[in-house]
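Order of the sequence lines sets the chain letters (A, B, ...), proteins ahead of strands, with each chain counted from 1.
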Amino acid sequence: MPSEMKGWDRNQMAERAAQELEDGMYVNLGIGIPTLVANYVGDKDITLQSENGMLGMGPFPYEGEEDPDLINAGKQTITELSRTSYFDSAMSFGMIRGGKIAAAILGAMEVAENGDLANWMIPGKLVKGMGGAMDLVAGVGRVIVVMDHTNKAGESKLLKTCTLPLTGKGVVDRIITNLGVLDVVPGGLKIVETADGVTEDELRAATEATIVS
Amino acid sequence: MQKVYANADEALDGLLKDGMLIAAGGFGLCGIPELLIDAIVKSGVRNLTVASNNCGVDGFGLGKLLDTKQISKMMSSYVGENTEFMRQYLSGELELEFNPQGTLAERMRAGGAGIPGFYTKTGVGTQIAEGKEVKSFDGEDYILERGIFADLSIVKAWKADDTGNLVFRKTARNFNPPAAMCGRVCVAEVEEIVPRGSLDPDLIHLPGIYVHRIVQGQHEKRIEQRTTRKKETA
């Protein structure tokens with residue numbers, strides 16, 4: 001069975017990532033699975049930052065109430081909350097670079113065992129651009145990656161060394177995949193927990209990066 | 001000094017030159033100067049370098065200037081969701097200088113504030129750092145990034161008074177203030193020009209000193225990703 005069929009699905013990964021957030025945190029969520037994390041914060045007092053210039057991001061609007069002047073960093077229509085504030089891009093990245101954002105949860109193409117992150121381009125094939133990801137990983141308190149453990153070919157996305165151009169060097173703190181949770185520690189990755197129905201041996205077998213005990 | 005112009009063509013009259021550097025506000029299609037972009041398309045000016053976070057989408061916003069091949073170089077952070085942008089870049093027709101988004105915003109802000117360079121930890125150890133000075137402060141490495149000094153800024157605001165004081169609306173503010181600041185001349189298009197004195201001076205987002213010409217017009221304000229939720233039924 002391919003490993004992406006095992007363990008947590010997208011929503012369960014987002015739910016697990018939400019456990020990383022603590023009351024009072026200002027947090028930036030990336031595009032894709034990280035966006036789903038907002039659905040699982042529960043009663044915790046979390047303020048979401050959208051790097052295009054907003055703190056206090058609300059849910060999607062009701063049909064017919066979309067406002068073209070109110071979007072998130074994924075260009076999706078959203079809403080404001082009673083706590084919301086708006087600011088320009090220079091101030092937005094000032095608070096990111098300045099370490100005011102407690103954590104960023106974002107997706108990745110590759111993560112290396114030393115915490116290197118690649119998520120902005122595949123040379124000659126796919127060019128997305130780094131957007132705000134390089135600033136986020138350089139500036140925020142804690143970087144949590146949420147991604148599938150393996151790519152479509154079944155190869156590990158947790159590598160000894162990244163093969164793609166880097167977004168940041170030694171920046172990742174924790175990785176949450178469909179197979180489990182791993183921390184970047186001296187010497188490699190440390191298994192924090194395995195997903196439901198996944199054994200530690202299965203997780204090790206699906207991982208190219210060095211796993212330290 | 002009269003800052004208000006009748007339309008976007010007149011507001012840009014005498015300002016456009018082949019090979020110039022233009023800083024444009026907007027994020028995605030939100031808060032983009034659509035009327036001024038249309039006027040630049042019409043002018044036929046060529047070989048432009050444009051500093052803007054994105055390059056519109058296919059056929060809208062700055063994407064129109066890609067279709068007409070009027071842009072030779074972009075300074076941007078994101079190419080995704082724009083097939084013509086990616087195609088021109090990958091085929092080598094268009095030069096693209098990738099800038100991390102926050103670095104781009106700060107380069108514009110710095111240029112407008114008279115700061116020719118600054119050190120940042122964004123991009124250290126990546127492709128972005130290649131060829132840039134690295135300096136260590138308190139044991140951590142930073143790279144030198146340059147302020148942007150544009151020939152022309154084009155921005156979009158919600159409201160202006162006739163002195164050029166600007167107010168933006170929600171996330172349509174984004175890159176507009178820093179883009180406005182870094183140009184030798186700044187042209188702002190707005191949804192409404194209100195009488196002097198009707199904007200609360202405490203609530204002005206960008207003072208008129210940064211804005212040289214203003215034009216009012218109708219905006220399409222296209223939505224890139226329409227996402228909604230269903231009303232809960234009782």
Answer whether the closest heavy-atom distance between the side chains of A:M134 and B:I128 falls below 4.5 Å. yes
Measuring only between side-chain heavy atoms, which start at C-beta, is A:Y62 closer than 4.5 Å to B:T228? no
Which one, B:L96, B:N174, B:T120, B:L206, leads in non-hydrogen pairs under 4.5 Å with chain A? B:N174
Select, from A:T167, A:N52, A:I96, A:L166, the one with the greatest count of heavy-atom pairs under 4.5 Å involving chain B. A:N52
Quick check: under 4.5 Å, non-hydrogen atoms only, which of residues 64-77 of chain A neighbour chain B? A:E65, A:E66, A:D67, A:P68, A:D69, A:L70, A:I71, A:N72, A:A73, A:G74, A:K75, A:Q76, A:T77
Any non-hydrogen side-chain atom of B:K230 less than 4.5 Å from a side-chain atom of A:F60? no
Side-chain heavy atoms of A:Y86 within contact of B:F168, under 4.5 Å: no
A quick test of your reading: do over 12 heavy atoms of other residues, nucleotides or ligands sit less than 6.0 Å from NZ of A:K100? no
Is B:E140 close to chain A through its backbone or its side chain, or both, or neither, when contacts mean heavy atoms under 4.5 Å? neither
To the nearest 0.5 Å, how far apart are CZ in B:F27 and OG in A:S92? 9.0 Å
Starting at CD of A:E51, measure out to OG1 of B:T171 and round the result to the nearest 0.5 Å. 11.5 Å
Whether over 12 other heavy atoms sit under 6.0 Å from B:F118 CZ: yes
Can you tell me which residue among B:K121, B:Q101, B:E106 is in a side chain to side chain contact (heavy atoms under 4.5 Å, CB included) with A:D135? B:Q101
Could you check whether any side-chain heavy atom of B:P178 comes within less than 4.5 Å of a side-chain heavy atom of A:D88, counting everything from C-beta outward? yes
Tell me, out of A:E80, A:M121, A:K128, who's got the most heavy-atom pairs with chain B below 4.5 Å. A:K128
Under a 4.5 Å heavy-atom cut-off, does chain A meet the side chain of B:Y89, its backbone, both or neither? side chain
Among A:A90, A:G129, A:G131, A:G53, residue most engaged with chain B (heavy-atom pairs, under 4.5 Å): A:G131
So for A:M91, is it side chain, backbone, both, or neither that comes closer than 4.5 Å to the heavy atoms of chain B? neither
For the candidates B:P100, B:A110, B:G28, B:G123, which exhibits the highest count of non-hydrogen atom pairs separated by less than 4.5 Å from chain A? B:P100
Which atoms of B:R229 come close to chain A, meaning under 4.5 Å heavy atom to heavy atom: side chain ones, backbone ones, both, or neither? both
Heavy-atom count around B:K135 NZ within 6.0 Å, excluding the residue itself: above 12? no
Between B:N82 and chain A, which part of the residue has a heavy atom less than 4.5 Å away: side chain, backbone, both or neither? neither
Please determine whether side chain to side chain contact (heavy atoms under 4.5 Å, CB included) holds for the pair A:K169 and B:T126, giving the CA-CA distance in whole Å, both sets of side-chain angles, and the decisive distance to 0.1 Å. CA-CA 7 Å; A:K169 211 163 170 46; B:T126 74; 5.8 Å; no
If I take atom OG from residue B:S77 and atom CZ from residue A:F93, how far apart are they, to the nearest 0.5 angstrom? 7.0 Å
